[in-house]
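Here the structure is a predicted model, which means the values were calculated and not measured. When a residue number appears, it is its place in the shown sequence, counting from 1.
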Amino acid sequence: MEDYKVIKVKKSVYENNNLEAEKVRERLKSEKTFLLNLMSSPGSGKTTTVVRTIKSLKDKMKMGVIEADIDSYVDAEKVAKAGAKAIQLQTGGMCHIDAIISRDGLDSIGSQELDFVIIENIGNLVCPASYDLGACKNAMILSVPEGDDKPLKYPKMFSTVDALIINKIDTMEYFDFDLEAVRKRVKEMNPNIEVFEISAKTGQGFDQWTQWLERNITQWNR
C-alpha cells in the first residue's frame with residue numbers, strides 16, 4: 001500500500017477561481033465599474049501605455065490602477081503621478097494573480113467610487129492567461145521588438161484576450177516585424193479579437209484604443 005496520497009487539485013483550483021471571478025463581475029456590474037485586465041511580457045511598454053491611457057481619459061471618468069508586480073512600487077508611483085488612484089500588489093515571487101486577489105485589490109482601491117479600473121498584471125505571457133480575474137475585458141500588449149512569432153509560442157494568451165495592442169509601432173523600421181503575419185495568426189486563433197497599432201511613446205494610434213475602451217465602458221454601464 002502506498003504511504004502517501006496524491007490529490008489532484010488543478011481542476012478544483014480553476015473551478016473555484018472561475019466562481020470567484022463571476023462574483024467579481026456581478027459586483028462590478030452593480031457598482032457600474034469597468035475592469036480591464038492588461039497583460040504582457042516585461043518591457044512591452046505596459047506602464048507607459050497605462051499612463052498615456054490615464055492622461056487621455058482622466059478628465060472623462062474616475063480612474064484607478066491596481067499594479068501587480070513580484071516586488072517594488074515604481075509603477076504605482078508613475079500611474080498615481082499621471083492622475084489615477086493607485087495601489088500596488090506585491091506577490092513576493094508568485095507569477096500570477098487570481099480572482100480572489102483581484103477582489104481584494106478592488107476592495108483596497110475602492111472600486112465603487114471609480115468608473116474604470118485597470119489591473120496591470122504581472123509581466124509574463126504564460127501564467128496570467130490561465131486565471132479569470134473577473135475583468136470585463138482582457139487585453140494584452142505585444143511590442144515590435146519582441147518579434148512577430150509570439151502568437152505561435154504563446155497561443156493561449158492571444159486566444160484568451162479581447163484586444164491585442166501592438167506597441168512601439170514607431171520602431172518598425174528597425175526590426176523585422178511582419179505586422180500582417182501577426183494579424184493573420186491572431187485572427188485565426190481568435191476571430192473576434194480587436195487589434196490596435198500604437199506607440200505609447202508618441203501617442204500614435206491612441207485615439208482608436210481609447211475609443212474602444214470608452215465604447216466598452218459605456219456598454220458595461222447600461
Side-chain angles (χ1 to χ4, degrees), residues 21 24-40 44-69 73-89 97 99 101-121 123 128 132-143 160-170 192-222:
V24 170
R25 265 187 289 276
E26 290 172 8
R27 163 188 171 167
L28 291 166
K29 194 70 177 176
S30 67
E31 293 178 349
K32 293 187 178 299
T33 303
F34 183 89
L35 177 64
L36 176 74
N37 175 27
L38 183 60
M39 300 172 280
S40 79
S44 67
K46 190 153 56 6
T47 304
T48 307
T49 301
V50 169
V51 166
R52 189 174 279 277
T53 301
I54 293 167
K55 291 179 178 177
S56 297
L57 298 177
K58 68 179 181 180
D59 293 335
K60 300 180 179 179
M61 59 189 74
K62 296 177 183 176
M63 293 185 61
V65 179
I66 299 171
E67 291 286 349
D69 283 304
Y73 48 83
V74 293
D75 291 344
E77 286 183 336
K78 290 178 183 176
V79 300
K81 189 176 179 181
K85 191 173 182 180
I87 63 166
Q88 180 75 53
L89 303 177
I97 60 175
I101 298 174
S102 172
R103 180 200 64 197
D104 293 347
L106 291 168
D107 289 343
S108 297
I109 204 168
S111 59
Q112 72 278 5
E113 299 174 357
L114 300 170
D115 304 304
F116 178 28
V117 177
I118 300 173
I119 292 180
E120 185 176 343
N121 212 320
D132 184 353
L133 302 187
C136 309
K137 292 289 180 183
N138 296 284
M140 69 165 293
I141 300 175
L142 170 66
S143 66
T160 300
V161 297
D162 303 289
L164 168 64
I165 302 169
I166 301 176
N167 190 26
K168 304 186 183 180
I169 205 77
D170 54 307
N192 296 321
I193 194 170
E194 298 272 1
V195 181
F196 301 94
E197 300 164 18
I198 71 159
S199 167
K201 180 179 179 181
T202 68
Q204 179 182 346
F206 248 75
D207 285 347
Q208 290 80 11
W209 164 238
T210 55
Q211 287 167 10
W212 180 85
L213 284 172
E214 288 186 271
R215 280 198 306 276
N216 280 282
I217 292 168
T218 299
Q219 289 171 5
W220 181 255
N221 289 333
R222 282 178 180 166

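The distance from atom CZ of Phe196 to atom CD1 of Ile166, rounded to the nearest 0.5 Å, is 11.0 Å.
Side-chain contact between Lys137 and Trp212: present, with at least one pair of heavy atoms (C-beta onward) separated by less than 4.5 Å. Side-chain contact between Met140 and Pro128: absent, with no pair of heavy atoms (C-beta onward) separated by less than 4.5 Å. Two residues are said to be in side-chain contact when any heavy atoms from C-beta on lie closer than 4.5 Å; Ile118 and Met63 meet this criterion.
Enclosure of atom NZ in Lys85 by more than 12 non-hydrogen atoms of other residues, nucleotides or ligands within 6.0 angstrom is indicated. In Lys60, the NZ atom is not crowded: 12 or fewer heavy atoms of neighbouring residues, nucleotides or ligands sit closer than 6.0 Å. Applying the 6.0 Å contact sphere to NZ of Lys29 captures more than 12 heavy atoms from other residues, nucleotides or ligands.
For the pair Lys32 and Trp220, the cation does not sit on the ring face, since its NZ or CZ is not both under 6.0 Å from the ring centre and inside 45° of the axis.
Considering every non-hydrogen atom in both Glu31 and Ser111, the closest pair reads OE1-OG, 2.8 Å.
The backbone N or O of Thr47 lies less than 3.5 Å from no partner atom in the side chain of Asp75, so there is not a single donor-acceptor pair. At distances below 3.5 Å, at least one donor-acceptor pair connects side-chain atoms of Lys46 with backbone N or O atoms of Asn121.
If you run side chain to side chain contact (heavy atoms under 4.5 Å, CB included) between Ile66 and each of Asp104, Val79, Asn37, Ile109, only Ile109 comes through.
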